[in-house]
Amino acid sequence: MLRTPWLLLRALLGTWLARRRQGPLRPSWPFRFEWIIAFMRLDWTTLWKKPPEFIRRYNERLALWPGDVKDVRRSPADVGGIPATWFDPPTAVPGPVLLYLHGGSYQFGSSRTHGPLIARLARSGSLRALGLDYRLAPEHPRPAQLEDALTAYRWLLAQGTRPEQIAVAGDSAGGHLALALCAALPAHQLPLPGACVLFSPWLDLSSSRPSFTTNARYDYGTREMLLAQARTFAGELPLEDPRVSPLAAPIPKLPPTLLVVGSAEVLLDECREYATRAVAAAQPLTLDLLPDLPHNGVLFPQEHPSARAGLERAGIFLRTHTAGR
């Protein structure tokens, strides 16, 4: 694990020198936050080229359980044969449940690596959350991930949870999956959930929008990386195919949906475009733009006030749109 401290040191020195020359990379970025983003950019520059098994082990070793979520209880669950984790904050009220689908380009990530985000969202929304460890590519090609999400949704309904009490949420590829789940429910004769929250959802797998250029220096993911990961997920389908890129598909019938995206991330334009199309299609989608934040900015509530505010608004949205309280 010498890789991590070496990259942290490189990022620290690089950030210090850059800020001495030209000030913060973004006006609102404190030193620590800019250092973290610089580290993540250095890390992912080479990490994404390694086998998925290596990336999974590496991310799991880096996963921490921060002090601000120590009061959220975690317990394992079996969801129709799919491993999952319950997150029970002390603020949870009986009834509503959040089904959370983690990010990671469909190749890595888990309810452990994304546990702090799930716990913070559950506490902010005052509801228990179920983090699903759906099957990952390339071992399990699409649509295995959607099949697992459908299984989990059916499982919650079978447990007696009313659909209007269910919220579905996800970040990045998990946001893509949350949206795909909502779009697929009517075809499976299943009711829509009470709410959907999408954090920086991956909507254009062809990575063709201008923000991939204009925001490249502020984010930690690159077009080259995302295109390679998208091809692994899509298999033989073109990346512009509506079966893999929601931006190329008709807008489905949606539950009340909150789409959260950072103004400094490479996915900004595709998220804005999707929100504009959804509103034009008379779907109940609200766009929440987080100033100065890179991809999946809600991961950094301890580092930037925009992230804290975004999580708080997402919690309010969940409390407002899940019934049975």
Side-chain angles (χ1 to χ4, degrees), residues 1-70 102-105 107-110 112-120 171-172 199-200 211-226 228-229 260-268 290-311:
M1 289 295 286
L2 292 177
R3 165 194 173 88
T4 302
W6 167 238
L7 291 178
L8 282 167
L9 180 59
R10 281 184 59 191
L12 179 69
L13 292 175
T15 301
W16 181 77
L17 289 171
R19 289 173 72 102
R20 278 182 63 90
R21 288 195 305 267
Q22 61 192 28
L25 187 59
R26 298 284 291 195
S28 69
W29 283 17
F31 183 93
R32 178 180 167 85
F33 182 64
E34 188 168 335
W35 172 31
I36 290 171
I37 301 305
F39 161 72
M40 295 177 70
R41 189 181 299 115
L42 282 172
D43 197 16
W44 279 107
T45 296
T46 56
L47 184 63
W48 71 268
K49 299 177 183 178
K50 296 185 180 295
E53 298 86 351
F54 178 92
I55 301 174
R56 292 168 197 164
R57 291 194 301 269
Y58 179 79
N59 285 344
E60 292 288 329
R61 286 197 296 266
L62 288 183
L64 301 174
W65 191 241
D68 68 312
V69 291
K70 291 291 187 184
H102 66 79
S105 300
Q107 296 174 58
F108 39 87
S110 67
R112 171 177 165 78
T113 62
H114 286 64
L117 174 57
I118 303 172
R120 288 166 178 149
D171 62 280
S172 198
F199 293 125
S200 299
S211 53
F212 268 90
T213 299
T214 56
N215 281 342
R217 63 194 297 252
Y218 310 122
D219 217 337
Y220 48 87
T222 66
R223 177 185 273 120
E224 182 187 14
M225 178 186 82
L226 285 176
Q229 293 169 342
V260 182
V261 64
S263 70
E265 69 171 285
V266 293
L267 302 189
L268 172 63
L290 304 185
D292 263 2
L293 288 189
H295 182 60
N296 211 4
V298 290
L299 289 174
F300 309 104
Q302 295 178 311
E303 317 299 338
H304 200 287
S306 287
R308 291 194 296 275
L311 272 175

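The first residue of the sequence shown is numbered 1, and numbering continues consecutively from there.
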> Should H295 and L267 count as side-chain neighbours, where that means a heavy-atom distance under 4.5 Å?
yes
> Is Y58 close to T4 at the side-chain level, that is, under 4.5 Å between some pair of heavy atoms?
yes
> Spell out, as yes or no, whether a donor-acceptor pair under 3.5 Å connects the side chain of N215 to the backbone of E265.
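Answer holds: yes.
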> Mind running side chain to side chain contact (heavy atoms under 4.5 Å, CB included) on L117 and D171 for me, showing each step along the way?
CA-CA 10 Å; L117 174 57; D171 62 280; 4.0 Å; yes
> Going by heavy atoms in the side chains, are T15 and I37 under 4.5 Å from each other?
no
> Compare every heavy atom of G221 with every heavy atom of V266, then report the nearest pair and how far apart it is.
CG1-O, 4.2 Å
> Among pairs that include at least one residue of residues 23-32, which meet side chain to side chain donor-acceptor pair (under 3.5 Å), considering only residues two or more places apart or in two chains?
R26-D292, S28-D292, S28-H304, R32-E303
> To check you understand the geometry: which heavy-atom pair defines the closest contact between R41 and R217, and what is its length?
NH2-O, 2.9 Å
> Taking all non-hydrogen atoms of both residues into account, name the closest pair between L47 and I55 and its distance.
O-CD1, 3.4 Å
> Are R56 and T113 close enough that some pair of their side-chain heavy atoms sits under 4.5 Å apart?
no
> Does S172 reach the side chain of F199, with side-chain heavy atoms less than 4.5 Å apart?
no
> Write down the atom of Y218, the atom of P294, and the distance for their closest heavy-atom approach.
O-CB, 3.6 Å
> Is any side-chain heavy atom of F31 less than 4.5 Å from a side-chain heavy atom of W16?
yes
> When rounded to the nearest 0.5 angstrom, what distance separates CZ in F39 from CH2 in W6?
13.5 Å
> Just jot down the side chain to side chain donor-acceptor pair (under 3.5 Å) partners of E34, sequence neighbours excluded, or say none.
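E34: side chain to side chain donor-acceptor pair (under 3.5 Å) contacts with R19.
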> Under a 3.5 Å distance rule, please check whether S306 uses its side chain to pair with a backbone N or O of L290 as donor and acceptor.
no
> For S105, what residues pass the side-chain contact (heavy atoms from CB on, under 4.5 Å) criterion, not counting sequence neighbours?
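Listed in chain order: Q107, F108, W202, L226, Q229.
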> Looking only at heavy atoms, which two atoms of A307 and G297 are closest? And how far apart?
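Closest approach of A307 to G297, heavy atoms only: CB-O, 3.2 Å.
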> Measure the NE2-CD1 distance between H102 and I118 for me, rounded to the nearest 0.5 Å.
8.0 Å
> Looking at CG of L9 and CH2 of W35, how far apart are the two atoms once the value is rounded to the nearest 0.5 Å?
9.0 Å
> Are any non-hydrogen side-chain atoms of D219 and F212 less than 4.5 angstrom apart?
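With C-beta onward as the side chain, the pair stays apart.
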> Hey, could you give me the CD1/CG distance between I36 and L299, rounded to the nearest 0.5 Å?
10.5 Å
> Counting C-beta onward and ignoring hydrogens, is there a side-chain heavy-atom pair between K50 and R57 closer than 4.5 Å?
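No - every pair of side-chain heavy atoms lies 4.5 Å or more apart.
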> Which distance, rounded to the nearest 0.5 Å, do you find between the OG1 of T46 and the CE of M225?
11.5 Å
> Tell me whether R3 contacts the main-chain N or O of D43 through its side chain, where contact means a donor paired with an acceptor under 3.5 Å.
yes
> Relative to each other, are the rings of F300 and Y220 parallel, tilted or perpendicular (30° and 60° limits)?
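Correct class here is perpendicular.
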> How close do L268 and S211 get, heavy atom to heavy atom, and via which atoms?
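For L268 versus S211, the nearest heavy atoms are N-OG, 3.6 Å.
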> Looking only at atom types and distance, does a side-chain atom of N59 sit under 3.5 Å from a main-chain N or O of G109, one as donor and one as acceptor?
no
